[in-house]
Student: 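Quick one: this structure, given as C-alpha cells, is what I'll be asking you about.
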Amino acid sequence: MRKTRMLAAGVALAALLGATAAAGGTATAQTTGVGTTKAATTALNVALGSNGSLLNVRVLGDDGSANIDPKQGAPSAASSAISPLTSASSVSALNLSLPKVSTSSTGAADNKSIPSIDLSTPLTTGSIAPLSLSSVVDATQGAASGLNSALKNVTAVAGLLSVPSATSSLGAAATPGDADGLRGLSVPSIQVLNLGAVLQGLGINSSTLQLGQLGNVLNTLGVTVPNGSAPALSGTDLVNTVNGLSGTLSNALPNGIQGLPAPTLISTLPGPLQTLIGSLIPGGIPAGATNVGDLVTAINGEITGVLNGALAGITNAPLLQVNNLVVGITTKAADTVANSTADITASLGSVQVGNLTVPGVDLATIVGNAQSTINTVLTQVGLGNLITVKALDQSKSIGTSNGYVNALANLTGVHVAIAPLSSLAGGSTAQASTDTLGQLFTLAGGATPPQLSSAMATLNTLLATTGAGALAQGATVDVLQVGAASAFVPGGSTPSNPAAATPQTGTLAVTGGPTQVLGFVGLLLLATVAGLRWLRRPATTN
C-alpha cells in the first residue's frame with residue numbers, strides 16, 4: 001500500500017509539471033524562463049510573553065520549494081518538509097522538537113508516506129495522520145514538490161488551543177513557463193481560547209472567584225448548569241439558588257439550620273422554611289430525610305453539585321470558537337505582471353463565544369462583536385479589555401523587482417492577542433461583593449473548588465510566573481497563517497539578485513498556482529483544495 005501511494009505521488013508530480021508546461025496560457029506557453037517558489041508553513045502557533053520570550057510552540061510547520069533559477073542555486077531542485085512540532089522556551093524542559101520528515105530531489109522523484117506522527121508532549125496532544133510528501137525535478141519540465149497532511153484531536157499549550165481536525169495540502173512548481181502552485185487548508189472547528197485555560201493563565205483562582213462573577217460569566221456565555229431533574233440553571237438562577245441554600249444553612253432561624261442539633265426533626269421546622277428548602281432542591285426534600293442532619297447533607301450536596309457544574313461549564317467553554325475556516329491561495333509569477341496571479345479565497349462559517357453564535361452581517365462586524373463579548377466576559381471576573389481578535393487578515397501583490405516578476409500572498413486565518421495584565425489601566429475592574437466559591441465550598445462541607453484548568457496551573461508553575469499566570473505577560477495565538485512567494489524571469493533577461501522573497505518565519509507560507517493546475521488537483525496531494533467550493537460561505541473575503 002505504501003509503495004502504491006508513493007508511486008501515485010510521483011506520477012502526480014510529473015503530471016503537475018506536464019500540465020503546467022502544456023496549459024500555461026497563450027502568453028506563458030510561448031515563454032521560457034526560470035523561476036522559484038518558496039514556502040514555509042505553520043498551522044498552529046502559540047507564543048507566551050513578549051515575542052514568545054516565555055514559550056513559543058509551532059505545530060505542523062511545512063516548508064517547501066521548487067527552483068530552476070541558477071541564480072538561486074544549481075542544480076535545479078525541489079523539496080518538501082514537515083516539522084511536526086517545535087517549542088522554544090525560557091524553561092529548558094519545554095524546549096522540544098519532534099523529528100522532521102522531508103523529501104528532496106534534483107532529478108528522480110523522492111516520495112514518503114507516513115501513517116501517523118504522535119504529538120503527545122508536555123505541551124500538546126493529538127497526531128498528524130496521514131502524511132505524504134513528494135519532490136521531483138525534470139530537466140525539461142522543471143521542479144515540483146507536493147505535500148498532504150491532516151491534524152487529529154490536537155490540543156496545544158494547556159488546552160489554550162484545540163483543533164479536532166484539519167487538512168493541509170500543497171503543490172509547488174517552477175517551470176520554464178512560470179513559477180506556481182496551489183494551496184488549500186480546512187479546519188472544521190477551532191477552539192482558539194478555552195475560557196478555563198485563559199482565566200487560570202491570567203491568575204484567576206476558582207477559590208477567590210465570587211458567586212456573582214460566576215453567574216455573570218455564565219449569562220454572558222449563554223452557558224447553563226445542569227440541576228438534576230429540575231431545569232438547567234442560568235447564571236442568575238445559579239446565584240439565586242446558591243444564595244437561598246447557603247442562607248438556610250447560616251441565616252435561617254437564629255443560627256441557621258446548621259446550628260440546630262442534627263436529630264431535630266424536619267417536621268418541627270417552620271412551614272415556610274420547609275417550603276423554601278423544598279423549592280431549592282430538585283424533587284424537593286428527599287423522601288428519606290427525616291432530621292436536620294439529613295437535610296444539611298442534602299443542601300450541601302446541592303450547593304457543591306451546582307457549583308461544580310458551573311465551574312465545569314466555564315472551564316470547558318470556548319472563549320472563542322471559529323467554525324469551518326477554509327483557505328485557498330494561488331500565486332503565479334509569469335513573464336509579465338498581467339499574466340501573473342496572486343489570489344486569496346478564504347471564508348469562515350460562524351464564530352462562537354461560549355454557547356452563543358456571534359451576530360453580524362459581515363466579517364468586520366462579527367469579529368468586532370466577538371472581541372467585545374470576550375472582553376465583557378473578562379470584565380465580569382475583574383479583568384478588562386485584554387483581547388484583540390482578527391480573522392482572514394490578508395495582503396497580496398504582484399510586481400517587478402530586479403528584473404523578476406514577483407507574486408506574493410499572505411493570510412492569517414485567526415489571530416488572537418492577549419495583552420499583558422500590566423496594560424490594564426487602574427488595575428482590575430471592581431465587582432459587586434458576594435461570597436467567594438472558596439467560602440461557599442467551605443460552608444457546604446469543607447471541600448476545595450476544582451481548578452479552572454489543572455493543565456494551565458501546571459504550566460504556570462513550570463514557567464515560574466510568580467503566581468501571576470503564564471499569560472500575564474501577554475500571548476498570541478495564530479491558526480492557519482498562510483503566505484506565498486513566487487518569482488519568474490523570462491529567458492534572455494539578465495536580472496540581478498535577489499529573486500523571490502523568503503516567506504516570513506512562523507507564517508503559513510504557501511505556493512499557489514494558475515487555474516490550469518486545478519485539473520491536476522485530484523491526482524496530486526490536494527484533495528482538500530479540490531473542495532475550494534467550500535468557500536461559498538458567509539463572511540467571505542477575496
Side-chain angles (χ1 to χ4, degrees), residues 44 153-155 159-166 185-199 213-226 231-238 309-327 345-381 383 385-394 411-418 452 477-480 531 533-542:
L44 313 173
N153 300 319
V154 173
T155 64
L160 197 64
L161 180 65
S162 177
V163 180
S165 66
L185 304 104
S186 172
V187 186
S189 176
I190 315 159
Q191 194 174 95
V192 185
L193 298 175
N194 172 274
L195 178 55
V198 170
L199 295 181
Q213 292 175 324
L214 179 59
N216 290 338
V217 169
L218 292 169
N219 286 335
T220 305
L221 295 173
V223 174
T224 58
V225 181
L233 303 174
S234 68
T236 301
D237 295 333
L238 174 77
L311 285 172
I314 68 170
T315 295
N316 298 321
L319 192 55
L320 178 66
Q321 180 169 313
V322 176
N323 300 313
N324 297 321
L325 175 61
V326 183
V327 174
T345 310
S347 72
L348 54 86
S350 63
V351 175
Q352 290 178 241
V353 176
N355 287 343
L356 303 178
T357 299
V358 178
V361 296
D362 55 36
L363 180 63
T365 302
I366 292 172
V367 171
N369 288 339
Q371 178 174 302
S372 176
T373 305
I374 291 168
N375 285 317
T376 297
V377 171
L378 296 183
T379 299
Q380 305 300 338
V381 296
L383 299 171
N385 296 325
L386 290 173
I387 305 292
T388 302
V389 180
K390 295 182 180 180
L392 307 187
D393 193 26
Q394 62 182 271
L411 176 140
T412 298
V414 178
H415 169 82
V416 177
I418 303 175
L452 295 168
V477 180
D478 292 290
V479 181
L480 294 194
R533 294 178 181 175
W534 312 330
L535 300 174
R536 293 179 298 190
R537 298 180 183 269
T540 300
T541 178
N542 292 304

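Keep in mind that the numbers below use all heavy atoms, side chains included, and drop hydrogens, waters and symmetry copies.
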Student: By the definition side-chain contact (heavy atoms from CB on, under 4.5 Å), identify the one residue from Val389, Val358, Leu356 that meets it with Asn369.
Tutor: Val358
Student: Measure from the side-chain N and O atoms of Thr376 to the backbone N and O of Ser372, and report whether any donor-acceptor pair falls under 3.5 Å.
Tutor: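 Yes, Thr376 side chain to Ser372 backbone: donor-acceptor pair under 3.5 Å.
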Student: Give, for atom CG of Leu325 and atom CG of Leu348, the distance between the pair rounded to the nearest 0.5 Å.
Tutor: 6.5 Å
Student: In Å and rounded to the nearest 0.5 Å, what is the OG1 to CD distance from Thr373 to Gln352?
Tutor: 12.0 Å
Student: To the nearest 0.5 Å, what is the distance between CG (Leu195) and CG (Leu160)?
Tutor: 11.0 Å
Student: Do you know which two heavy atoms are closest between Thr388 and Gln371, and how far apart they sit?
Tutor: CA-OE1, 3.3 Å
Student: I want to check something: taking the side chain as every heavy atom from C-beta on, are Lys390 and Thr412 in contact at a cut-off of under 4.5 Å?
Tutor: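 A side-chain contact is absent here, since even the closest heavy-atom pair is not under 4.5 Å.
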Student: Say you draw a straight line from OG1 of Thr220 to CD1 of Ile314; how long is it, rounded to the nearest 0.5 Å?
Tutor: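 Going from OG1 on Thr220 over to CD1 on Ile314, the span is 11.0 Å.
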Student: Per the side-chain contact (heavy atoms from CB on, under 4.5 Å) rule, which among Val414, Val192, Leu320 passes with Val477?
Tutor: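 Filter result, single survivor: Val192.
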Student: Ser350 and Asn323: side-chain donor and acceptor closer than 3.5 Å?
Tutor: yes
Student: Ignoring hydrogens and geometry, is there a side-chain-to-backbone donor-acceptor pair from Asn375 to Ile387 under 3.5 Å?
Tutor: yes
Student: Give me the atom names and distance for the closest heavy-atom approach of Val163 to Ala166.
Tutor: CG1-CB, 4.0 Å
Student: At their closest point, which heavy atom of Leu363 faces which heavy atom of Ala391, and how far apart are they?
Tutor: CD2-O, 3.7 Å
Student: Check Ile190 against Leu161 and note the closest heavy-atom contact, atom names and distance.
Tutor: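 That would be CG2-CD1, 3.9 Å.
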Student: Can you tell which of Leu218, Leu311, Leu214, Asp237 makes a side-chain contact (heavy atoms from CB on, under 4.5 Å) with Val225?
Tutor: Leu218
Student: How long is the gap from CD1 on Ile374 to CG on Leu319, to the nearest 0.5 Å?
Tutor: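 Taking CD1 in Ile374 and CG in Leu319, the distance rounds to 4.5 Å.
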Student: Measuring from atom CG of Leu199 to atom CG of Leu193, what distance do you get when rounded to the nearest 0.5 angstrom?
Tutor: 10.5 Å
Student: Which atom pair, heavy atoms only, marks the closest approach of Leu221 to Ala317?
Tutor: CD1-CB, 4.0 Å
Student: Taking all atoms of both residues into account, what is the closest heavy-atom pair of Asn316 and Gln191, and its distance?
Tutor: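 Answer, listing the atom of Asn316 first, then Gln191: O-NE2, 4.0 Å.
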Student: Taking atom types as modelled and ignoring hydrogens, do the side chains of Ser162 and Asn194 form a donor-acceptor contact shorter than 3.5 angstrom?
Tutor: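 The answer is no; no qualifying pair exists.
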